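Being a predicted model, the structure only gives us computed values, none of them experimental. Here, residue 1 is the first one in the sequence, and each next residue gets the next number. Atoms within each ligand, like the ligands themselves, are counted from 1 in listed order.
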Amino acid sequence: MQPQAAYLVEDNGDLWLTEDEREHMKLSYRIRDVLFDQQSAYQHVMVLDSYDFGPMLVLDGVVQTTSMDGFIYNEMISHIPLNMHPEPRNVLIIGGGDLGAAREVCRYPDVGRVDLVEIDKLVVDACLEYLPDVAGHLKDNRVYYHFTDGVEFAAQCRSDYDVIIVDSSDPVGPAQALFERPFYQSLHNSLKERGIMVCQSQSPLFHRDVLGQAFGAVKELFPVSHLYTAVVPTYPGGLWSFSLGSKHYDRLRPAMLVRGTRYVNRDILHGCFRLPEFLQQFIASL
Ligand code: SAM
């Protein structure tokens, strides 16, 4: 199949995906097969079968999640807030079109409703069809899909949710506004009086500005704010951050952790909040 974009290149008969959105660093993955390749109204959506990471979702040439390591990120963005809130009935997921986070949230029997707000239906369709290790065959009648802009959706919510998870792509294109203060204010307004939000806040090594903007806004808006980290091999530099804001609760409830997780356990629940010195100093400066 002829490569459809500059970041998918044939080299000596091999097909390579090269993430080249960084000025001084490129990440390349050898590709076995192109499983899905379409342009939506928002982005170039591909699912590529890679040698080392299996099938991977790629949006505008940037790897979003893979069969090999998607579980790390999807468990970390879901189980931490769901083990801090004692009764997470109503959950909002913004982004999350690969359905990995939604699958983890649906493991909790207490959850009664999940509103998933994904701007691009093509991502959901592609992942259900070609990325079963991440999307599964999510047929859970608690999940309600809204194919619209998460910024607009959150702006019209009022105290509706116990937990909000912002599982966004990188801060470019439609995802840019998901890293700005007005959006975090909307999230605060959308949470019930004891609600908890978490968002992926990029790399503490390569995206310090974005992390500072996101966590700085969370720290300003919420009485309880924590940064936690995990290593996701396919993200630039590996180390990745999550910004959590809570209106009330500030204690983890490991007894609530459901069985069958592959990354999160009681040690991780507590340990992920322990930060290296450079990061502690950075967030203290915000
Ligand atoms: N787990 C991956 C990560 O951490 O990079 C990404 C998860 S998912 C693929 C990110 C999703 O956010 C994409 O499907 C994208 O279409 C969606 N998205 C981007 N901007 C959005 C917006 N303004 N409203 C709703 N969804 C948006």
Side-chain angles (χ1 to χ4, degrees), residues 19 21 27 36 38-48 53 55-78 80 92-105 115-128 130-131 133-135 138 144-157 164-180 182-184 186-187 190 198-203 206-207 210-211 214 228-243 263:
E19 277 192 352
E21 89 280 15
L27 293 172
F36 184 87
Q38 278 187 35
Q39 180 69 37
S40 75
Y42 301 97
Q43 53 211 339
H44 182 196
V45 181
M46 293 192 289
V47 180
L48 305 175
F53 291 89
M56 53 171 45
L57 172 68
V58 179
L59 299 179
D60 286 342
V62 178
V63 176
Q64 298 295 314
T65 189
T66 82
S67 296
M68 195 271 257
D69 68 354
F71 72 97
I72 300 172
Y73 169 96
N74 288 318
E75 288 188 17
M76 285 303 287
I77 204 167
S78 310
I80 305 299
L92 170 63
I93 299 175
I94 292 179
D98 56 65
L99 304 186
R103 269 182 90 195
E104 296 303 323
V105 170
D115 285 309
L116 188 136
V117 183
E118 163 58 59
I119 201 166
D120 193 346
K121 183 176 183 302
L122 196 63
V123 174
V124 173
D125 295 346
C127 293
L128 280 172
Y130 297 104
L131 202 55
D133 290 336
V134 174
L138 190 64
Y144 294 80
Y145 294 91
H146 309 265
F147 296 114
T148 186
D149 184 342
V151 177
E152 291 168 14
F153 187 94
Q156 47 85 38
C157 292
I164 298 179
I165 294 169
V166 183
D167 178 12
S168 70
S169 29
D170 303 76
V172 291
Q176 188 150 2
L178 300 179
F179 290 83
E180 291 166 1
F183 174 66
Y184 294 114
S186 296
L187 298 182
S190 306
V198 67
C199 62
Q200 74 93 355
S201 40
Q202 300 285 106
S203 165
F206 292 109
H207 308 123
V210 175
L211 195 167
Y228 62 94
T229 64
V231 173
V232 184
T234 42
Y235 292 168
L239 185 63
W240 212 250
S241 74
F242 302 84
S243 295
Y263 188 83

Side chain, backbone, both or neither: which part of [X] has a heavy atom under 4.0 Å from ligand 1?
{"X": "T65", "answer": "neither"}
{"X": "L59", "answer": "side chain"}
{"X": "Y42", "answer": "neither"}
{"X": "F153", "answer": "neither"}
{"X": "L57", "answer": "side chain"}

>> Going by the rule ring pair (Phe, Tyr, Trp, His ring centres under 6.0 Å), which residues pair with F153 if we only count those two or more places apart in sequence or in a different chain?
In response: H146
>> Test of understanding: with ring pair (Phe, Tyr, Trp, His ring centres under 6.0 Å), list the residues that count as partners of F179, not counting sequence neighbours.
In response: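 In terms of ring pair (Phe, Tyr, Trp, His ring centres under 6.0 Å), with neighbours along the sequence ignored, F179 is linked to no residue.
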Which atoms of ligand 1 sit under 4.0 Å from any heavy atom of [X]?
{"X": "V123", "result": "14 (O)"}
{"X": "D149", "result": "22 (C), 23 (N), 24 (N)"}
{"X": "V117", "result": "25 (C), 26 (N)"}
{"X": "G150", "result": "22 (C), 23 (N), 24 (N), 25 (C)"}
{"X": "T148", "result": "24 (N), 25 (C)"}
{"X": "A175", "result": "19 (C), 20 (N)"}

> Which option out of E118, Q200, Q64, E152 puts a heavy atom nearest to atom 13 (C) of ligand 1?
Replying inline: E118
> atom 1 (N) of ligand 1: which of F242, F183, W240, Y73 has the nearest heavy atom?
Replying inline: Y73
When you compare the side chain of [Y] with that of [X], does any pair of heavy atoms fall below 4.5 Å?
{"X": "F53", "Y": "T234", "answer": "yes"}
{"X": "Q64", "Y": "D170", "answer": "yes"}
{"X": "F71", "Y": "R103", "answer": "no"}
{"X": "L99", "Y": "V134", "answer": "no"}
{"X": "T65", "Y": "L131", "answer": "yes"}
{"X": "N74", "Y": "D98", "answer": "yes"}

>> What I want to check is whether the side chains of D167 and Y73 have a donor and an acceptor closer together than 3.5 Å.
In response: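 Their side chains do contain a donor-acceptor pair, which is all the 3.5 Å distance test asks for.
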> Does any donor atom in the side chain of S40 or D120 lie under 3.5 Å from an acceptor atom in the other side chain?
Replying inline: yes
Considering only protein heavy atoms, which is closest to [atom], and at what distance to one decimal place?
{"atom": "atom 8 (S) of ligand 1", "answer": "D98 OD2, 3.5 Å"}
{"atom": "atom 3 (C) of ligand 1", "answer": "Y235 OH, 3.1 Å"}
{"atom": "atom 19 (C) of ligand 1", "answer": "S169 OG, 3.4 Å"}

> So V166 and L187, side-chain contact (heavy atoms from CB on, under 4.5 Å) or not? Walk me through it.
Replying inline: CA-CA 9 Å; V166 183; L187 298 182; 3.7 Å; yes
> Mind checking whether P174 has an N or O less than 3.5 Å away from an N or O of ligand 1?
Replying inline: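 Between P174 and ligand 1, an N or O pair is found under 3.5 Å apart.
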> Any nitrogen or oxygen of I119, main chain or side chain, under 3.5 Å from a nitrogen or oxygen of ligand 1?
Replying inline: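 It does: an N or O of I119 is found under 3.5 Å from an N or O of ligand 1.
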